[in-house]
Every structure is written in structure tokens, then in C-alpha cells.
Amino acid sequence: MCLAFPAKVIEVKESLATVERAGVKRSASLMLLPEAKVGDYVLVHAGFAMQVIDEEELKLRDALIAEMNGAPRTVFSL
């Protein structure tokens, strides 16, 4: 199973972004998402930013990930 993870763009240099998730910083290519900018939340898969998401989508994804890790269910419909 492949899973894109949400992360916040904290720096952009040309077509490479530094993204942060839970205190962990990684590089992500912006070749597929050149419109991403500092402060955006993006979905990252295989080192590529794939989609810009809003904070509401981020909260929903975080809740679903927490459920997969055993937290009580908080998301009942999408």
C-alpha cells in the first residue's frame, strides 16, 4: 500500500521544497506542483509534492491516520 503524507512547506528553493511533518524535515520535489509555496500543506509521495490541501483536509487525514494507529474513531463520513 502506498500512502501520501501531509506536510507543511517551510522553504522553497527552485523546484525543491523543504517540508515538515511532526518535527521531521524532508526534501520534496515541486516538479509536479510548481504552484506550492511556503506555508502550504501538501501531500508528499515518493519524494514528490502531489497536491496542495487545506487545513481542514489536513485535520481529516490526521484523524484517519490516528484511527489506523488505534485511536478512537472520530471520522464517520467523508
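Along the sequence shown, residues carry numbers from 1.
- The distance from atom CD of E20 to atom CD of E11, rounded to the nearest 0.5 Å, is 13.0 Å.
- Here the closest heavy-atom approach between residue R21 and residue P6 is recorded as CD-O, 2.9 Å.
- With a 4.5 Å cut-off on side-chain heavy atoms, D62 and K59 do not count as touching.
- For the pair V9 and A17, the tightest heavy-atom approach, listed with the atom from each and the gap, is CG1-CB, 4.1 Å.
- Expressed to the nearest 0.5 Å, how far CD of E67 lies from CZ of R73 amounts to 5.0 Å.
- Not one N or O on the side chain of E56 forms a donor-acceptor pair closer than 3.5 Å with the backbone of L58.
- Expressed to the nearest 0.5 Å, how far CG of L30 lies from CD of E14 amounts to 11.0 Å.
- Taking both residues in full, the closest heavy atoms of A49 and A28 are given as N-CB, 4.3 Å, listed atom of the first, atom of the second, then distance.
- The cluster map of Ile, Leu, Val, Met, Phe, Trp and Tyr, joined by side-chain heavy atoms under 4.5 Å apart, puts L64 and F5 in different clusters.
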Considering only distance and modelled atom types, tabulate donor-acceptor pairs under 3.5 Å from the side chains of residues 31-44, sequence neighbours left out.
| unit_1 | atom_1 | unit_2 | atom_2 | d |
| --- | --- | --- | --- | --- |
| K37 | NZ | D40 | OD1 | 3.3 |
| D40 | OD2 | K37 | N | 2.9 |

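- If you chain together hydrophobic residues whose side chains sit under 4.5 Å apart, V19 and I53 never meet in one group.
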